[in-house]
Structure formats: structure tokens, C-alpha cells
Amino acid sequence: MSADKNILPVHIGFIMDGNGRWAEKKGLPRTAGHAEGARAFRRIARYCKKIGIKNITFYAFSTENWKRPREEVNAIMSLFMQYLDEAEDFAKDNTRLIFLGDKSPFDAKMRERMVYLEKASENFDEMTLAVAMNYGGRDDIVHSVKRIAGLVKNGDISLSDIDESLVSSLLYTGTMPDVDLLIRPGGEKRISNFLIWQSSYAEFYFTDVLWPDFSSGELDKALKEFSSRSRRFGGV
């Protein structure tokens, strides 16, 4: 790897963008792009573990993505179920699995599988792999605020106990560190409601490469760029 291993990010967030456009460019249905994107997901997750990245989060399906055509949504759900069936391979590799977002809209089988994988891998510590599914950054913050309101109402904490650390701990990513590097393939230059609290001091890396074509070599480019940046966190 060409990047400086001493300056690897602790947490990388990936916005997996460009699946549909990849398929359209090849004259294929958009669902074929999502299938290829799923293969890229597995490829990049394994490469991250190989080079020593401790935390990775993939933006798989946003709270807004339900607006897409029903056929496309169904195809994504089918692919996600396939991933859940394969995910135990990651867990066996000492990888902790967590799923970010509101699980309630998914069918019972999918919810049960997610909960099982989270529980079965909760003590693994070589890498944490998070998949954001029915996730939105604003919804994440609202979810945290509601939990805090409940604690105050029940008398468990007082208003003076509320600080950034508490809010962070009650987000869906509560046990993960903040994002150091946020990568978005696909040519767009926005974060689309992804980990907006957790990415406050993240370095952003945008590329025109579509997600299905995103390779370990492309990730190396992003890591090399990350290692060259000066991160001052508001200081001099």
C-alpha cells in the first residue's frame, strides 16, 4: 500500500454511490448495478481489514431511498438479505457487525438476522463493520435526542449532564469513534445526510469512479491523500 500506515484513519465512512449509473452505462438494468456494488462492498471491507483499518461504515440505504421505484427497492432488499446470510463469514473473522438506522421497516426475518449478528459478534474487536440501512444523519440525531429526553424524564440524568459526549454515545454509532475519512465515489460532492454529527472533522475524498469500479487501488489513493493532509481540529 502506498499510504503511510502510521497515518491510517481509525474510521472510514463510504457512500456507495453510482451503482445505477454504472449499470445504465453498460446497458444493464439498475438492479445489476446494485449487485455489482454489493461485490465492491465485500471487496473493500476485506481490504480494509487486511491493511488494519479498525472501523468502517457503509451507507447502503438511506431513509430517502424508499422513494425509489419499488422494483429497485425490492432488489436492494434481496441483496441485503443475501449479505446477511454471508455476514457470518465476517463475524468468524473477529469482526464486529452493527447495523445503523431504524430496523422497524424491515421484515421480521431481516430484523431478527441483524439482531442475531450484532449479538453474536459484539465482543469481537479486530474490526467493526457498520452498515447504515434505513439510515439518515438527521434521524440519527433525533433518535439520540429522544433517548436523552427519556433519561431526563425518568430522572436518570439532569439537564446539566447533557453534553456532546452524551449525544455521541446515544447515536447509532455510539460505540464507534468519529469518522476520520469520508469517501464518496460517483462524482457527487455532498454527504447526503450520512453521519453528519460523526463527520464534523472528517476529511472528505470525492472521486468520479463509480462505486462498482471502486478498487483497493482507488482506496489506496484516498489513503495517500488522507496521509498528506494536516488535521488541526480548529488549532493552528
Side-chain angles (χ1 to χ4, degrees), residues 1-23 25-26 33-60 62 83 89-90 93-98 100 124-132 135 137 168 171 173 175-236:
M1 188 185 70
S2 55
D4 186 342
K5 284 195 173 186
N6 294 318
I7 318 178
L8 285 176
V10 175
H11 186 177
I12 304 178
F14 293 93
I15 298 177
M16 301 187 289
D17 192 26
N19 294 333
R21 282 174 285 149
W22 181 91
K25 283 186 174 184
K26 296 180 178 299
H34 292 300
E36 195 62 33
R39 282 187 277 274
F41 158 79
R42 290 189 287 269
R43 178 172 67 241
I44 294 301
R46 290 192 169 94
Y47 184 67
C48 283
K49 188 170 189 299
K50 177 182 176 182
I51 63 176
I53 305 297
K54 297 293 291 183
N55 301 271
I56 51 176
T57 300
F58 293 90
Y59 203 9
S62 75
Y83 162 73
D89 291 340
F90 283 105
D93 202 21
N94 202 26
T95 296
R96 175 170 162 252
L97 302 170
I98 59 175
L100 313 181
F124 296 158
D125 58 6
E126 194 165 330
M127 183 175 77
T128 295
L129 191 166
V131 181
Y135 176 87
S168 292
L171 295 169
T173 54
T175 58
M176 299 176 74
D178 282 346
V179 175
D180 299 299
L181 174 62
L182 192 150
I183 298 174
R184 181 166 189 159
E188 304 291 351
K189 293 179 174 62
R190 56 179 179 269
I191 62 172
S192 298
N193 200 21
F194 178 53
L195 299 179
I196 54 179
W197 175 284
Q198 300 89 331
S199 298
S200 295
Y201 280 99
E203 298 294 322
F204 293 168
Y205 181 86
F206 301 107
T207 174
D208 290 333
V209 174
L210 301 176
W211 175 251
D213 292 327
F214 195 83
S215 64
S216 59
E218 293 296 331
L219 178 53
D220 281 346
K221 292 178 185 178
L223 293 172
K224 185 175 182 180
E225 172 71 19
F226 176 83
S227 69
S228 71
R229 295 185 185 179
S230 176
R231 307 184 72 212
R232 295 183 295 275
F233 300 98
V236 177

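It should be emphasised that the depicted structure is a prediction, and the values quoted were computed from it without experimental measurement.
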Legend entry - Backbone of Val10 reached by a side-chain donor or acceptor of Asp180 within 3.5 Å: yes

Inset, instruction - Say whether, by atom type as modelled, one donor and one acceptor occur between the side chain of Lys49 and the main chain of Asp93 under 3.5 angstrom. - result: yes

Between [X] and [Y], what is the shortest heavy-atom contact and its length?
X	Y	value
Tyr47	Asp220	OH-OD1, 2.8 Å
Leu182	Ser199	CD1-OG, 3.5 Å
Ala23	Gly33	CB-N, 3.6 Å
Ala222	Ile183	CB-CD1, 3.7 Å
Ser192	Arg184	OG-NH1, 2.7 Å
Met127	Asn55	CG-N, 4.4 Å

Between [atom1] of [X] and [atom2] of [Y], what distance do you get to the nearest 0.5 Å?
X	Y	atom1	atom2	result
Ile56	Leu129	CD1	CG	4.0 Å
Asn19	Asp213	CG	CG	10.0 Å
Lys54	Thr128	NZ	OG1	8.0 Å
Thr207	Glu188	OG1	CD	12.5 Å
Met176	Leu100	CE	CG	7.0 Å

Inset, instruction - Please assess Tyr201 against Asp178 for the test side chain to side chain contact (heavy atoms under 4.5 Å, CB included), listing each intermediate value before the final yes or no. - result: CA-CA 8 Å; Tyr201 280 99; Asp178 282 346; over 6 Å; no

Inset, instruction - Going by the ring pair (Phe, Tyr, Trp, His ring centres under 6.0 Å) test, name the single residue among Trp211, Phe58, Tyr59, Phe214 that passes it with Phe41. - result: Phe58

Less than 4.5 Å apart, side chain to side chain, heavy atoms only: is that true for [X] and [Y]?
X	Y	answer
Ser62	Asn193	no
Leu181	Leu223	yes
Thr173	Trp197	no
Leu210	Lys25	yes

Inset, instruction - Take Asp17 and Phe206 through the test side chain to side chain contact (heavy atoms under 4.5 Å, CB included) and record every step on the way to the result. - result: CA-CA 11 Å; Asp17 192 26; Phe206 301 107; over 6 Å; no

Inset, instruction - List the steps, then state whether side chain to side chain contact (heavy atoms under 4.5 Å, CB included) holds for Cys48 with Leu219. - result: CA-CA 9 Å; Cys48 283; Leu219 178 53; 3.7 Å; yes

Legend entry - Presence of salt bridge, Arg229 and Glu225, under 4.0 angstrom: yes

